[in-house]
Asker: 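Following this message is one structure expressed as structure tokens.
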Amino acid sequence: MNAIRPAPGSQASLREANRARVLGVVRQHGPLTQVEIAAASGLSAATVSNMVRELDQAGMVGLSRSIRNGRRAVLVSLASGGGLLAGVAFGERDVRVAIADEAGEILAHQLMPLQADHVADDGMERAARLLADLAETVSSGVENIAAIGFGLPMPVDAVSGEAGSDAVLPGWRGVNVTKAMAGHLRAPVALDNTANLAALGELRAGALRGVRNGCYLKFSYGVGAGIVINGDVFRGSAGTAGEIGHVTIDENGPICRCGNRGCLDTFVGSRALINSLAASHGPLRLKDIVTRALGGDVGCRRVIEDAGRRVGVAVAGVVNLLNPEIIVVGGLMSEAGELIMAPLREALDRCAIPSAAATVELRAAELGDEADIVGAIHRASVLSHTNISIS
């Protein structure tokens, strides 16, 4: 038998529509205060308060205490059946996993080194094993994982669920990660680029919180960007937006691993920086370069400053195109602090439209290495609630 629906245009119909709008906003953005829900939904504060009270009484949302801008606040989140959320973030040489509760609070996390040339099956098997171990540490099991947020440091096709690059992690090329990982753990998977996940993490709990239009710059072994438009991460038509590392800055430059010439990564990626110091410093890791630069090593400082200037030129293009409010810089290279930020800012000011450069703020990331994991947990949270009824 079909349920009787309120007549269109009636008070009951309007109330139902308002409840659906509140739930839709929380589903899209994750836990929010009532003030944030009102701003995102266009509803009045009084209407949001009434809808949240009704939804709470119906068991459709949960309320939890938190801190927003240094003040106490109550967060509204979608109710769930008490399942766990999982986050997985691959680097070129490691994988980090985390388990969180239904509110997105991380309960346990772990990192495992990987071979640079590992294949997808091996990587996913290890990630699944780590998640199983973590679930046990919180007195649960993998069968209680409701959803998984999964990040790779490469272009991914959000439509097909496939990894899409021969250049980074070639052992993953063409693998349907969404389907394969869901098979390992019997839970739905949301696949994304790790720069997008880091942008999402900073947007929900870090330096991009409250920003409508911004950019997260992940500057580590390569350079990637997560773009925020209208308060949400913009992924493009197939999930590959933000590949700033493959912007051509010298069409006669070195061949990039992507097959093009003169990409930004060929000048500021870890291989380029390490090779530029090999003759004078011998074999170094990227972490060594940052540490030595902070310790006063003139050669390492010069390499980092030069990299900052080149990235600043590319970022100026982003500023000209998108006119963001905030650019957040994260990743291993951001640990160099002003050694990287000052030349980046200088190049941005020199190359961007003056009015755009004058209004954009450059910030250091707040979440550090955890940004992409926080974003992955948020993706898992949204995915776990996509089938909740709103009527």
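When reading the values below, keep in mind they use all heavy atoms of this one structure, side chains included, and skip hydrogens, waters and symmetry mates.
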Asker: Got a salt bridge between Asp306 and Arg302, using NZ or NE/NH1/NH2 to carboxylate O under 4.0 Å?
Answerer: yes
Asker: Counting distance only, does the side-chain N/O of Arg209 pair as donor-acceptor with the main-chain N or O of Ala205 below 3.5 Å?
Answerer: yes
Asker: Is there a side-chain hydrogen bond (donor to acceptor under 3.5 Å, both in side chains) between His281 and Asp297? Walk through the geometry before answering.
Answerer: CA-CA 10 Å; His281 289 67; Asp297 185 290; 3.0 Å; yes
Asker: Between Ser44 (side chain only) and Thr47 (backbone N and O only), is there a donor and an acceptor less than 3.5 Å apart?
Answerer: yes
Asker: Ion pair present between Arg379 and Asp232, side-chain N to carboxylate O less than 4.0 angstrom?
Answerer: no
Asker: Salt bridge between Asp133 and Arg129, side-chain N to carboxylate O under 4.0 Å?
Answerer: no
Asker: Grab the two heavy atoms, one from Leu332 and one from Val290, that are nearest each other, plus how far apart they are.
Answerer: O-CG2, 4.2 Å
Asker: Look only at the side chain of Asp265 and the backbone of Gly269, and say whether a donor-acceptor pair between them is shorter than 3.5 Å.
Answerer: no
Asker: If we only count heavy atoms from C-beta on, is the Asn18 to Leu14 side-chain gap below 4.5 Å?
Answerer: yes
Asker: Determine the minimum heavy-atom distance between Ile229 and Asn213, stating which atoms define it.
Answerer: CA-OD1, 3.5 Å
Asker: What's the verdict on side-chain contact (heavy atoms from CB on, under 4.5 Å) for Gln110 and Arg96, showing C-alpha distance, side-chain angles and the deciding distance?
Answerer: CA-CA 6 Å; Gln110 191 171 348; Arg96 285 173 293 118; over 6 Å; no
Asker: Has the side chain of Asp192 got a donor or acceptor atom that lies under 3.5 Å from a matching backbone atom of Gly151?
Answerer: no
Asker: List the residues meeting salt bridge (Lys or Arg N to Asp or Glu O under 4.0 Å) with Arg261, not counting sequence neighbours, and say none if there are none.
Answerer: none
Asker: If we ignore hydrogens and angles and just use 3.5 Å, is the side chain of Ser140 paired with the main-chain N or O of Glu136 as donor and acceptor?
Answerer: no
Asker: Of Ile106, Ile377, Leu85, Leu84, which is the lone residue that meets side chain to side chain contact (heavy atoms under 4.5 Å, CB included) with Ile99?
Answerer: Leu84
Asker: So, for Met333 and Ser220, which heavy atoms are closest and what is the spacing to 0.1 Å?
Answerer: CG-O, 4.0 Å
Asker: Taking Gly236's backbone N and O only, do any of them form a donor-acceptor pair with Thr240's side chain (distance below 3.5 Å, no angle check)?
Answerer: no
Asker: Any idea how Phe150 and Trp172 line up, ring-wise: parallel (<30°), tilted (30 to 60°), or perpendicular (>60°)?
Answerer: tilted
Asker: Does Arg363 reach the main-chain N or O of Ala207 with its side chain, forming a donor-acceptor pair under 3.5 Å?
Answerer: yes
Asker: Between Arg19 and Leu55, does a side-chain contact (heavy atoms from CB on, under 4.5 Å) hold up when you go through it step by step?
Answerer: CA-CA 7 Å; Arg19 291 171 70 215; Leu55 291 167; 3.8 Å; yes
Asker: Glu338: what forms a side chain to side chain donor-acceptor pair (under 3.5 Å) with it, not counting sequence neighbours?
Answerer: none
Asker: Salt bridge between Arg173 and Glu162, side-chain N to carboxylate O under 4.0 Å?
Answerer: no
Asker: I'd like to know if the side chain of Thr248 reaches the main chain of Asp250, judged simply by a donor and an acceptor atom lying under 3.5 Å from each other, with no hydrogens or angles considered.
Answerer: no
Asker: May I ask you to decide if Arg212's main-chain N or O and Glu325's side chain share a donor-acceptor pair within less than 3.5 Å?
Answerer: yes
Asker: Between Thr137 and Leu134, is there a donor-acceptor pair closer than 3.5 Å when you use the side chain of the first and the backbone of the second?
Answerer: yes
